[in-house]
Participant: 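Dropping the structure in here first, questions after.
Position 1 is the first residue of the sequence, and the numbers go up from there. Model, not experiment: these values are computed from the prediction.
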Amino acid sequence: MYLADQSIWLMIVASLAVFDVSKAVENGVEVTPEIDPSSHTVSLPKPFKCSIQPRSPSALELIQQDSYR
């Protein structure tokens, strides 16, 4: 359980290290996701659009590398 938890954490951190995640832009306007909290015990966000771009050319190279060689 601890190994799985740490593995997921490392995958998330590695992804955030090479990507910039920001609000989506449609027709030149930044789209802000709606916040609609539910009244349930566990509240999850509704699906929303976002922009995910490589942070730099070197980050893009890391993303495109075949890690299974």
Participant: Which pair of heavy atoms, one from Val18 and one from Ala59, lies closest together, and at what distance?
Facilitator: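 Taking every non-hydrogen atom into account, O-CB, 3.7 Å.
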Participant: Could you state the interatomic distance from CD (Gln6) to CE (Met11), rounded to the nearest 0.5 Å?
Facilitator: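 Spacing of CD (Gln6) from CE (Met11) equals 12.0 Å.
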Participant: Just checking, is any N or O donor in the side chain of Thr32 or Lys23 under 3.5 Å from an acceptor N or O on the other one?
Facilitator: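 Yes, a side-chain donor-acceptor pair sits under 3.5 Å.
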Participant: Is there a continuous path of hydrophobic side-chain contacts, each under 4.5 Å between heavy atoms, that joins Val21 to Trp9?
Facilitator: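 Each belongs to a different hydrophobic cluster.
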Participant: Looking at CG of Asp20 and CD of Gln53, how far apart are the two atoms once the value is rounded to the nearest 0.5 Å?
Facilitator: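 Separation between the atoms: 8.5 Å.
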Participant: Looking at every non-hydrogen atom in both residues, tell me the closest pair between Pro33 and Phe48 and how far apart they are.
Facilitator: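 Looks like CB-CB, 3.9 Å.
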Participant: Under 4.5 Å between side-chain heavy atoms, hopping through other hydrophobics if needed: is there a path connecting Ile52 to Val31?
Facilitator: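 Hydrophobic grouping puts Ile52 apart from Val31.
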Participant: Which pairs count as salt bridge (Lys or Arg N to Asp or Glu O under 4.0 Å) when at least one residue sits in residues 9-19, sequence neighbours excluded?
Facilitator: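 Of all non-adjacent pairs touching residues 9-19, none passes salt bridge (Lys or Arg N to Asp or Glu O under 4.0 Å).
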Participant: Using only atom types and a distance under 3.5 Å, with no angle test, would you say the side chain of Arg55 pairs donor to acceptor with the backbone of Leu60?
Facilitator: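 Answer holds: no.
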Participant: Per the side-chain contact (heavy atoms from CB on, under 4.5 Å) rule, which among Ser58, Ser15, Pro54 passes with Ile63?
Facilitator: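 Result for side-chain contact (heavy atoms from CB on, under 4.5 Å) with Ile63: Pro54.
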Participant: Supply the atom-to-atom distance Glu30 CD to Ser51 OG, rounded to the nearest 0.5 angstrom.
Facilitator: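 Output value for this atom pair is 9.5 Å.
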Participant: For a 4.5 angstrom cut-off between non-hydrogen side-chain atoms, does Ser7 reach Leu3?
Facilitator: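 Result yes, sub-4.5 Å side-chain heavy-atom pair found.
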